[in-house]
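In what follows, every chain begins at residue 1, and chains take the letters A, B, ... in the order their sequences are listed. For clarity, every value in this text was computed on a predicted model and none was experimentally measured.
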Amino acid sequence: MLSRICWILCQEAKVGVIMEERTGGNEYREQRLENLERLKALGYAPYGRAFPRTGRLADVRAGFEEGKQVTVAGRLVACRDMGKSIFAHIYDGTDRFQVYVQKNKIGEDAFAAFKILDLGDFIGLEGELFTTRTEEQTLKVSRFELLSKSLLPLPEKWHGLQDVETRYRQRYLDLVANHDVRELFNKRIAMLREIRTFLFGRGFQEVETPMLQAMAGGAAATPFKTHYNALGCDMFMRIAPELYLKRLLVGGFDKVFELNRNFRNEGLSRTHNPEFTMLEIYEAFGDVNSMKELVQSLITHVAQTVFGTLVIGEGERRIDLTPPWRTVAYRDLIVEKAGDDWYGLDLDAARARATSLGVEVDPAWDLGELTHELYEKTIEKTLINPTFVTRFPVELVPLASACVDDPTVVDVFELEIGGCEVAPAYTELNDPLEQRRRFEEQAAGDASKMDEDFLMALEHGMPPAGGMGIGIDRLMIILSGAESIRDVILFPHLKPKTAPAGGE
RNA sequence: GGAGGCGUAGCUCAGUUGGCAGAGCAGCGGACUCUUAAUCCGCGGGUCCAGGGUUCGACCCCCUGCGCCUCUACCA
């Protein structure tokens with residue numbers, strides 16, 4: 001109990017220090033604390049209880065009728081005091097709504113109390129709807145309650161909150177100050193809902209598989225490591241749900257998807273956040289072609305229902321999502337860029353050709369690696385309209401089946417939109433012996449990297465299947481026209497401002 | 001990890017060959033019962049990111065560190 005109290009005191013001290021850092025002193029807070037006491041003295045409890053509303057502000061606006069009695073609640077975001085009457089705006093996340101407070105309507109005491117309110121305070125109001133001379137729908141207030149006193153000031157009303165660091169670190173301020181940010185996240189939420197609706201409509205079932213794994217497989221990324229105290233062993237955050245979803249195919253699920261977070265121990269960038277949302281879909285008895293049809297329908301459905309258009313952006317960044325989408329083989333793209341004779345060149349000639357095309361060449365690379373560098377550096381970013389790139393070299397994709405007509409390439413596509421890889425899909429490898437061979441090649445003799453448990457599952461028989469992963473954050477960037485992944489994730493990762501314990 | 005840019009009031013931003021630190025909004029006091037970036041009168045507000053150095057004097061020049069942004073690297 002004592003330690004609990006100490007902990008609380010310690011936390012409060014910390015908050016105090018942070019508060020001082022962020023507010024540059026307590027002047028504003030002191031004033032608001034004084035206002036809190038004054039309101040209390042007038043009988044307004046600073047932190048109220050439930051307040052039944054007629055509806056959200058957007059609902060009230062939609063159902064506006066002259067003279068209608070309503071109750072509403074929201075945050076006070078603007079206040080124009082005219083002596084014996086006040087015009088103010090409240091905001092509740094759905095809309096801004098004007099309220100009109102007159103001294104002789106709500107009474108002298110309540111009017112005096114209203115004048116003590118600070119911008120940012122949550123209030124509940126009751127009154128009658130009317131339209132002002134300038135034709136703004138407004139609430140004539142007959143009574144108000146204080147619901148929550150705000151002790152720290154909000155960002156400025158006109159310019160909003162611009163500082164990108166503050167916008168990411170204190171997203172709640174961004175959401176209050178910049179309504180378009182709220183709308184963008186509403187769209188993200190709507191997109192996730194539409195994806196689920198679409199997949200449910202096609203008979204897929206949503207499942208949940210472990211995020212905490214003894215072995216992080218299904219992709220080639222570095223995992224986050226953590227420790228499980230009760231079992232005394234290290235665990236990893238998953239880098240992909242793939243190997244568990246395939247176990248479900250073995251178990252008889254035939255159409256499953258998982259829409260949730262993956263964690264990869266990589267750097268931060270405009271297109272990388274260490275935890276990101278991935279949609280993985282598996283369809284038994286399907287293949288890469290059924291995935292192609294699925295993703296094309298899924299993305300056009302989302303674009304149409306959530307964003308209301310199949311054409312995004314303008315000029316060079318214009319993306320046209322109208323199906324059918326182009327399909328092109330990896331090899332054809334390479335030859336188109338590097339010349340018909342590329343695959344016949346010896347290594348030195350290929351290096352020279354790549355250099356002349358602007359690729360920085362690592363002398364350790366073989367022709368395959370050099371080719372892929374060429375693809376990533378000069379071709380991928382030019383694929384603006386949706387493009388299915390197919391028939392990748394087998395060494396790039398260890399979990400996919402080979403093409404029937406050519407065992408050196410695999411039956412996959414990578415969907416590129418806006419020069420960005422959005423969705424890879426495979427005809428999944430279900431041959432356990434071939435899978436073991438490829439794992440062995442990858443693990444290079446390190447037995448601890450062999451996922452024997454997964455191989456055992458495969459040996460019980462996995463139906464042929466199509467599988468696909470869609471990077472939801474990147475899809476959101478493309479559909480919304482956002483600049484950065486940090487703009488489409490509510491709380492993107494930034495370096496901690498004060499170093500956490502246990503750093504290097 | 002490497003290169004470049006940025007960091008000034010609660011917010012948005014000016015600023016100085018190196019010579020007392022500025023505006024708008026927000027805040028405080030006052031006037032105003034149809035305003036909406038309300039208006040009018042008056043007032044307060046600063047660790048100029050942090051720490052060193054050069055200088056009579058540094059917000060400004062130099063060095064180091066921290067954070068953010070962009071590019072790059074890592075990343076199926």
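- Between K103(A) and the phosphate of U33(B), there is no side-chain N or O to OP1/OP2 separation shorter than 4.0 Å.
- Contact annotation for N265(A): no contact, since no heavy-atom pair falls under 4.0 Å across all strands.
- Both Q162(A) and Y168(A) sit near RNA chain B, but only Q162(A) has its closest nucleotide nearer the 5' end.
- At a cut-off of 3.5 Å, with distance as the only test, a side-chain donor of H179(A) or Y91(A) sits close to an acceptor on the other residue.
- Side-chain atoms of T427(A) and D411(A) form a donor-acceptor pair, as typed in the model, at a separation below 3.5 Å.
- A donor-acceptor pair is defined here as one N or O able to donate and one able to accept, closer than 3.5 Å; no such pair exists between the side chain of Q98(A) and the backbone of F87(A).
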What does nucleotides 70-76 of chain B look like as a protein-contact string, B for base, S for sugar-phosphate only, - for none, at under 4.0 angstrom between heavy atoms?
SS-SBBB
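- The main-chain N or O of E428(A) is found under 3.5 Å from a side-chain atom of S401(A) such that the two form a donor-acceptor pair.
- Side-chain atoms of N104(A) come within donor-acceptor range of the base of U33(B), with a qualifying N/O pair under 3.5 Å.
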Restricting both atoms to N or O, compile the protein contacts to nucleotides 26-29 of chain B shorter than 3.5 Å, with distance only.
from: A26(B); atom 1: OP1; to: K157(A); atom 2: NZ; distance (Å): 2.9
from: A26(B); atom 1: N3; to: Y28(A); atom 2: OH; distance (Å): 3.2
from: G27(B); atom 1: O2'; to: Q31(A); atom 2: OE1; distance (Å): 2.3
from: G27(B); atom 1: O2'; to: Q31(A); atom 2: NE2; distance (Å): 3.1

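- In this model, no donor atom of one side chain and acceptor atom of the other lie less than 3.5 Å apart for Y28(A) and E30(A).
- Considering only the side chain of L161(A), U12(B) comes nearest among C32(B), U12(B), C34(B).
- No side-chain N or O of S142(A) forms a donor-acceptor pair with one of E128(A) less than 3.5 Å apart.
- Residue side chain T132(A) reaches the base of U35(B) through a donor-acceptor N/O pair under 3.5 Å, judged by distance alone.
- Summary of the strand contacts: A78(A) and F130(A) both lie near RNA chain B, and taking for each the nucleotide with the nearest heavy atom, the more 5' one is attributed to F130(A).
- Remark: R143(A) pairs with E126(A), E145(A) by the side-chain hydrogen bond (donor to acceptor under 3.5 Å, both in side chains) rule, at least two apart or across chains.
- Here the side chain of R169(A) is nearest to one of G67(B), C32(B), A37(B), namely G67(B).
- Under 3.5 Å, the side chains of E395(A) and H372(A) contain no donor-acceptor pair of N or O atoms.
- Using a 4.0 Å heavy-atom distance criterion, F97(A) is classed as making no nucleic acid contact.
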